[in-house]
Amino acid sequence: MPTKMPFDLLAERKRWNAGYESIDTSSQKLTEVVTPITVTWENIEVKTRKKLFSKKQKQLLNRVSGIAKPGEMVALMGASGAGKTTLMNVLMCRNMKGLEKNGTVKVNGTKIGKEISLISGFAQQQEIFIPTLTVDEYLMIQARLRMKANKHTRRERVDEIIEMLRLQNCRDLKIGTPGLVKGISGGEARRLTFACELLSNPSLLFADEPTSGLDSFMAASVVQILKNLANSGRTLIHQPTAELFFQFDKIIFLSMGKTAFMGTPHESVKFFADCGHPIPKLFNPPEWIQSKLSVIPNNETKSRETIGKIIEFYEKSIIHQKSIVEIRVIATTELPPYIENPGFFAETGALLKRACLDVIRSPAQMRMKLIQKVVMGLFIGSLYWQQPLDPRGVRNTNSALYFLIAELTFSTMFGIMTFMEHELPLIAREYHDGLFYVISYYISRFLSYLPLFTIDGALMIVISYWMIGLNSTWQQVAKSILISVLVEQSATSCGLFLACLFETTSLAIAFAVPASGLFALLSGLYGNTNNFPVYIRWMQWTSWCRYGFEGLVVNQWSQVDNPKWDPFYRELILKQFSFNKDNYQLDVIGLCSIVIFFYLAGYIALFIRIRLSR
């Protein structure tokens with residue numbers, strides 16, 4: 001039931017206007033003149049796609065039409081399940097996976113599709129950020145992605161928006177993650193979402209409950225900013241809260257997937273009175289109207305009948321007839337210029353800075369990676385301390401080399417697979433906003449991980465090398481470090497590929513466990529690979545464990561520090577693994593090929609996932 005409360009329309013408007021008077025809106029840069037946009041949608045029908053062995057389809061929208069003109073703040077309202085979010089997604093051409101759509105959406109009389117994201121902004125209700133960045137850093141990087149301007153202009157725009165949305169007190173605070181990492185408040189996070197969209201100064205703005213999480217004063221501040229944007233010729237389409245009802249120029253009520261009313265807030269009050277549902281003086285109009293358009297579970301048949309009559313009354317009304325004519329007579333005019341992409345190098349640089357800050361400010365990951373490798377280097381060095389050159393010592397030395405390969409593989413591969421599951425929603429949203437190419441994000445992300453997933457492995461090799469008593473010419477030390485870096489990069493690229501391929505980390509790990517086990521079995525330590533069946537033997541050339549282990553073994557026994565060492569023993573050692581003394585260069589080439597293959601495969605997997613996420 002709607003909330004019963006003393007309600008006076010004139011008093012309500014005065015209350016909001018009084019709130020506006022205390023808000024500083026002197027800044028004019030966000031109210032620059034833009035190309036006016038008229039958005040129309042006609043006969044929109046949306047159904048779920050037919051599933052295998054099922055002919056049932058759920059209709060989400062049924063012949064919905066409407067219009068939003070320049071200078072208007074348009075509100076989509078209705079009960080849960082009425083179709084508001086679906087209509088918003090249709091207009092923005094987003095989140096249509098698994099749905100079938102008919103009907104047309106036009107901007108300035110021109111049919112438009114995904115390009116609408118290049119002339120509009122969308123402030124989502126769900127806040128998704130990089131939690132390790134400060135508010136100021138995040139906005140500056142967003143400005144670099146959204147604005148083709150110099151640093152001074154970007155700085156001015158960010159400062160202006162921070163002041164306008166009252167974010168000064170938190171500009172140097174890390175954003176954080178609710179419930180996990182302490183950061184800014186929920187209200188500040190909501191304003192930050194809105195601030196990002198204002199950076200590009202769009203002609204069309206979509207917003208999903210833009211004042212959610214804000215106190216009354218900040219809600220009034222945001223509404224005043226929206227009204228300033230609308231007054232400058234922009235078109236704004238929202239899913240608002242009921243408290244903002246009378247601040248909008250046009251209200252669209254949806255129910256059961258159909259349009260139940262479209263007009264001004266005052267016309268809605270008169271309309272529902274005319275169709276037999278006058279709003280009592282002590283009730284809030286939007287809550288009363290939405291209660292009449294809601295399907296009540298305990299009285300579903302009667303409520304559906306009531307809603308059907310309201311929709312039928314609206315479709316026969318003069319208001320509806322005028323809106324249909326208005327939609328169909330819109331003249332075709334020029335579209336606003338698309339939001340300019342700053343260019344491949346600029347966006348890659350901005351994303352690389354963001355990714356590097358995220359890695360540097362994730363101390364748990366950095367600290368644990370380095371501590372783990374130091375501890376494992378000391379452990380392996382202590383376990384295989386100063387091995388002699390007798391048969392047992394040779395076997396132990398080879399085992400130590402394999403342990404180094406295993407540690408570089410497993411901890412690295414499983415450690416890198418966790419980030420994508422939480423980051424993909426943000427990347428998909430930014431990509432579909434036209435902020436960057438997928439390749440720019442991918443390059444920046446793997447480059448940000450490159451130092452961390454290189455230094456730690458090299459550090460482990462250096463720590464354990466002389467403890468084990470490996471042969472120590474500078475060429476052999478350098479070659480061992482090179483092999484370790486390439487093995488770790490092979491594991492990194494494979495882990496990145498699996499993270500991009502699978503939707504969840506648990507699925508990626510479920511696949512990685514047997515795959516990494518197979519690569520380990522093909523290394524040569526557990527059996528001479530030439531004795532494997534023909535249909536399995538070829539697989540050894542897909543294993544970086546094979547290339548890495550052979551590279552370290554060949555390098556270790558290529559030159560022995562002890563002058564009494566008989567080179568004949570080297571041939572025996574290599575023969576038991578089917579290794580060749582001249583294969584070091586081929587092993588390096590093989591490892592480089594695996595690194596390149598998995599990085600390319602990871603990019604393709606990520607590109608497909610993001611394209612399908614729209």
Side-chain angles (χ1 to χ4, degrees), residues 1-3 39-48 57-68 73-92 94-96 98-103 105 122 124-126 206-212 236-246 248 250-265 267-269 271-272 275-277 279 283-315 317 319-320 323:
M1 287 297 292
T3 305
V39 184
T40 59
W41 55 97
E42 189 172 5
N43 297 327
I44 299 296
E45 292 189 354
V46 177
K47 299 178 181 178
T48 56
Q57 285 183 287
K58 183 179 179 181
Q59 185 145 22
L60 305 177
L61 292 177
N62 186 3
R63 299 183 65 81
V64 173
S65 301
I67 182 172
M73 289 175 58
V74 179
L76 300 178
M77 301 190 74
S80 177
K84 307 185 299 297
T85 299
T86 302
L87 178 57
M88 185 86 85
N89 288 336
V90 169
L91 297 180
M92 295 184 298
R94 291 176 184 245
N95 303 322
M96 298 303 292
L99 301 176
E100 294 178 358
K101 172 209 151 190
N102 289 310
V105 177
F122 174 40
Q124 294 189 16
Q125 185 177 12
Q126 182 184 10
F206 297 95
D208 189 357
E209 298 191 20
T211 59
S212 175
L236 288 87
I237 303 176
H238 298 240
Q239 286 194 62
T241 54
E243 290 81 2
L244 305 178
F245 183 73
F246 286 102
F248 286 85
K250 183 180 290 180
I251 303 292
I252 300 175
F253 279 105
L254 298 176
S255 184
M256 298 194 307
K258 295 183 178 181
T259 306
F261 173 81
M262 183 173 70
T264 67
E267 287 174 336
S268 70
V269 174
F271 169 81
F272 278 89
C275 68
H277 301 284
I279 300 169
F283 281 86
N284 188 321
E287 292 190 3
W288 172 266
I289 292 171
Q290 289 190 128
S291 71
K292 296 301 175 184
L293 296 175
S294 300
V295 177
I296 303 172
N298 296 332
N299 198 7
E300 187 172 335
T301 303
K302 186 176 180 180
S303 58
R304 285 184 179 276
E305 183 180 340
T306 300
I307 294 169
K309 289 180 180 179
I310 294 173
I311 293 172
E312 183 180 359
F313 188 87
Y314 169 71
E315 290 177 346
S317 68
I319 296 176
H320 175 66
S323 66

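As a basis for the values below, the full set of heavy atoms in this structure was taken, side chains included, without hydrogen atoms, waters or symmetry mates.
Inter-residue side-chain proximity for Arg304 and Met256 is flagged as met; some heavy-atom pair is nearer than 4.5 Å. Counting only heavy atoms from C-beta outward, the side chains of Thr85 and Met88 never approach each other to under 4.5 Å. Looking at heavy atoms from C-beta onward, Lys258 lies out of side-chain contact with Leu61 at the 4.5 angstrom threshold.
With sequence neighbours excluded, the residues satisfying salt bridge (Lys or Arg N to Asp or Glu O under 4.0 Å) with Lys309 are Glu305. Remark: Phe272 engages no residue in a ring pair (Phe, Tyr, Trp, His ring centres under 6.0 Å) (not counting sequence neighbours). With sequence neighbours left out, Tyr314 forms a side-chain contact (heavy atoms from CB on, under 4.5 Å) with Thr259, Phe261, Met262, Phe271, Ser317, Ile319, His320, Ser323. Take Lys292 and apply the side-chain hydrogen bond (donor to acceptor under 3.5 Å, both in side chains) test, not counting sequence neighbours, and it matches no residue. Residues passing the side-chain contact (heavy atoms from CB on, under 4.5 Å) test with Ala75, sequence neighbours excluded: Met77, Pro240, Phe248, Ile251. With sequence neighbours left out, the salt bridge (Lys or Arg N to Asp or Glu O under 4.0 Å) criterion links Glu312 to Lys316. By the ring pair (Phe, Tyr, Trp, His ring centres under 6.0 Å) test, His277 is found to be paired with no residue, residues two or more places apart in sequence or in another chain being considered.
With values rounded to the nearest 0.5 angstrom, Lys84 atom NZ is found 12.5 Å from Leu60 atom CG. Distance check: Phe122 CZ to Ile237 CD1 gives 11.5 Å after rounding to the nearest 0.5 Å. Considering CG of Leu254 and CG of Leu293, their distance stands at 9.5 Å, rounded to 0.5 Å. Separating the CD atom in Glu300 from the CD1 atom in Ile307 is a distance of 9.5 Å, to the nearest 0.5 Å.
Taking each heavy atom of Gly257 and Val64 in turn, the nearest pair found is O-CG2, 3.3 Å. Pairing each heavy atom of Gly78 with each of Phe253, the nearest pair is N-CD2, 4.4 Å. Of all heavy-atom pairs between Asn299 and Lys302, the closest is OD1-CB, 3.2 Å. Across every non-hydrogen atom of Ile289 and Ser268, the tightest pair is CD1-OG, 4.0 Å. For the residue pair Ile279 and Pro285, the shortest heavy atom distance occurs at CD1-CB, 3.7 Å. In this structure, Ser294 and Ala79 approach most closely via the heavy-atom pair OG-CB, 3.2 Å.
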### Message
Go through it in stages, so that I can follow the logic: the residues are Val90 and Met96, the test is side-chain contact (heavy atoms from CB on, under 4.5 Å), and I'd like the CA-CA distance, side-chain angles, deciding distance and then a yes or no.
### Response
CA-CA 7 Å; Val90 169; Met96 298 303 292; 3.8 Å; yes
Please output the side-chain donor-acceptor pairs of residues 39-47 that fall under 3.5 Å, not counting sequence neighbours, one pair per line with the distance.
unit_1: Glu42; atom_1: OE2; unit_2: Arg328; atom_2: NE; d: 2.7
unit_1: Glu42; atom_1: OE2; unit_2: Arg328; atom_2: NH2; d: 3.3
unit_1: Asn43; atom_1: OD1; unit_2: Arg63; atom_2: NH2; d: 3.4

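In terms of modelled atom types and a separation under 3.5 Å, the side chain of Ser255 and the main chain of Ala260 share no donor-acceptor contact.
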